[in-house]
Each structure stands twice: as structure tokens, then as C-alpha cells.
Amino acid sequence: MSARFNMATAHSTAYKAMLGLEGALQNSFLNPLQKELIKIRSSQINACAFCLDMHTKDALKYGETPQRIFLLNAWREAKELYTEEEQVLLMMSEEITLINQKGLSEETYQQAKKFFDESQIAQIIMAVVTINAWNRIAISTHLPIGG
């Protein structure tokens with residue numbers, strides 16, 4: 001599949017705004033591995049090959065284990081590999097990505113409050129929203145998988 005067009009040049013203002021949003025998340029409380037877990041899980045749900053390729057490679061660079069990446073799509077069956085905090089991040093990633101099913105459930109929100117304060121929950125939500133936007137840009141414009 002070849003790329004349709006370059007969003008960065010076709011709509012540079014909006015693309016720069018997306019980069020600004022991504023930049024704002026650089027200063028979040030989430031550590032690099034937590035960010036990558038969110039990005040990978042949402043990208044798995046959205047079937048975004050470009051983002052999966054990028055973020056699995058990034059996760060490995062940050063020290064993530066191949067086993068945890070390989071099993072991320074089945075994390076509920078492999079809970080022993082993920083901390084309780086990471087499990088909440090993954091639940092939030094799934095529910096926000098699949099917003100049309102039930103949204104961020106009250107149960108998941110209450111579990112999140114056990115680990116995170118309001119500001120941190122807001123940062124998690126924005127991290128999920130941002131990767132979902134990037135997934136939609138990559139899939140819609142047929143971004144080619146990197147080398």
C-alpha cells in the first residue's frame with residue numbers, strides 16, 4: 001500500500017497542533033514504558049500497522065521485554081506480567097479507544113483513582129486520545145511501515 005499524501009504538508013496547521021499535543025504529553029507523569037504500553041494497546045485495537053511498528057520498536061529501546069509486547073493483546077490472560085497500575089492503564093486504553101462500546105466505565109475510573117490523582121487521570125486520557133488520533137491519521141493516509 002502506498003501513502004496517499006503527507007498530512008504534515010497537506011494540513012500543516014492541524015499537524016503542528018497534533019505535534020503540540022504530543023509535546024505536551026512529554027512532560028506527563030507517565031514513564032516511557034507506560035506511554036508505550038498505552039500506544040501499543042490502542043494501536044492493536046485500531047489495527048494500525050505503522051504505529052505498532054513504531055511503538056513496539058520504541059518500547060524495546062526503552063527496555064520493554066519482547067514477552068510483554070508479544071502478550072499485550074492478551075494481557076488479561078497474562079496478568080502476572082503486568083503490574084496492577086499497568087493493568088488499569090490498559091483497561092483505560094481499551095475503554096477509551098473503544099469509546100462507542102461503553103466509554104470509560106465507572107468501575108475502571110474508580111480503579112484508576114486508587115493509583116492516580118485527577119491530573120494523572122487526565123494525562124492518561126489525553127495519551128489515549130492522542131494515539132487514537134495518530135492511528136487515524138496513519139491509517140487514513142496509508143503511512144508506510146518504517147524500516
Side-chain angles (χ1 to χ4, degrees), residues 1-4 7-8 14-147:
M1 193 175 337
S2 61
R4 290 180 168 160
M7 183 66 77
Y15 194 82
K16 286 177 187 172
M18 280 297 300
L19 291 175
L21 183 55
E22 189 69 40
L25 294 170
Q26 295 305 311
N27 297 320
S28 79
F29 81 98
L30 293 164
N31 68 46
L33 289 177
Q34 291 171 323
K35 290 177 190 177
E36 295 307 324
L37 288 176
I38 290 169
K39 291 174 181 182
I40 295 167
R41 187 65 194 114
S42 292
S43 297
Q44 287 174 330
I45 292 167
N46 290 323
C48 182
F50 177 85
C51 292
L52 281 167
D53 182 63
M54 175 191 296
H55 296 297
T56 54
K57 289 174 182 175
D58 288 347
L60 289 169
K61 286 181 203 171
Y62 290 128
E64 187 55 88
T65 67
Q67 182 184 35
R68 282 175 30 112
I69 293 172
F70 298 154
L71 294 174
L72 189 56
N73 196 40
W75 68 268
R76 284 182 172 82
E77 297 291 324
K79 283 185 175 181
E80 66 276 4
L81 297 178
Y82 306 94
T83 67
E84 288 183 59
E85 188 174 293
E86 290 170 334
Q87 291 175 39
V88 171
L89 291 174
L90 295 170
M91 285 187 280
M92 291 179 71
S93 296
E94 291 175 356
E95 290 180 9
I96 295 165
T97 298
L98 298 168
I99 198 80
N100 67 319
Q101 291 185 4
K102 63 180 175 182
L104 181 57
S105 70
E106 188 61 29
E107 179 182 346
T108 298
Y109 178 69
Q110 292 303 321
Q111 287 182 340
K113 285 174 52 175
K114 294 177 186 175
F115 296 98
F116 311 112
D117 63 28
E118 190 175 273
S119 173
Q120 292 170 323
I121 291 171
Q123 291 172 47
I124 296 165
I125 291 170
M126 291 307 297
V128 177
V129 167
T130 302
I131 188 58
N132 273 276
W134 285 123
N135 289 165
R136 282 148 179 77
I137 290 168
I139 292 169
S140 298
T141 62
H142 291 179
L143 274 179
I145 297 169

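Every value quoted in this text rests on a predicted model; they were computed, and no experiment measured them.
By the 4.5 Å heavy-atom criterion applied to side chains, Met91 and Gln111 are counted as neighbours. Residues Leu71 and Glu77 have side chains not in contact (no heavy-atom distance under 4.5 Å, counting atoms from C-beta outward). Side chains of Trp75 and Glu94 form a contact here, defined as non-hydrogen atoms less than 4.5 Å apart. Side-chain contact check for Val88 versus Lys114: every heavy-atom pair is 4.5 Å or farther apart. No side-chain heavy atom of Leu143 sits under 4.5 Å from any side-chain heavy atom of Arg4. Side-chain contact between Met92 and Ile38 is absent, with no heavy atoms from C-beta onward closer than 4.5 Å. Annotation: side chain of Leu89 is not in contact with side chain of Tyr82 (no heavy-atom distance under 4.5 Å). A 4.5 Å side-chain heavy-atom check between Leu81 and Thr65 finds every atom pair outside the cut-off.
Under the 3.5 Å distance criterion, the side-chain polar atoms of Thr108 are left unmatched by any main-chain donor or acceptor of Leu104. Remark: side-chain polar atoms of Lys35 are paired, donor with acceptor, to backbone N or O of Leu25 under 3.5 angstrom. Using modelled atom types, no side-chain atom of Ser140 and backbone atom of Ile137 make a donor-acceptor pair closer than 3.5 Å. Between the side chain of Asn132 and the backbone N or O of Val128, at least one donor-acceptor pair lies under 3.5 Å.
In this structure, Glu36 CD and Lys61 NZ are separated by 9.5 Å, a value rounded to the nearest 0.5 Å. Once rounded to the nearest 0.5 Å, the distance linking CD1 of Ile96 with CD1 of Ile124 reads 8.0 Å. In this structure, Ile40 CD1 and His55 NE2 are separated by 8.0 Å, a value rounded to the nearest 0.5 Å. Here the OG atom belonging to Ser93 is positioned 10.5 Å from the CD atom belonging to Gln34, to the nearest 0.5 angstrom. We find the OH-CD distance between Tyr109 and Glu95 to be 13.5 Å, quoted to the nearest 0.5 Å.
Electrostatic pairing of Lys102 and Glu107 does not count as a salt bridge here, judged by no charged N lying under 4.0 Å from a carboxylate O.
Pairs engaging residues 21-51 under the ring pair (Phe, Tyr, Trp, His ring centres under 6.0 Å) rule: Phe29-Phe116 [sequence neighbours left out]. Pairs engaging residues 81-90 under the salt bridge (Lys or Arg N to Asp or Glu O under 4.0 Å) rule: Arg68-Glu86 [sequence neighbours left out].
A 6.0 Å sphere centred on CD of Gln110 holds more than 12 heavy atoms belonging to other residues, nucleotides or ligands. Atom CD of Gln26 is surrounded by more than 12 heavy atoms from other residues, nucleotides or ligands within 6.0 Å.
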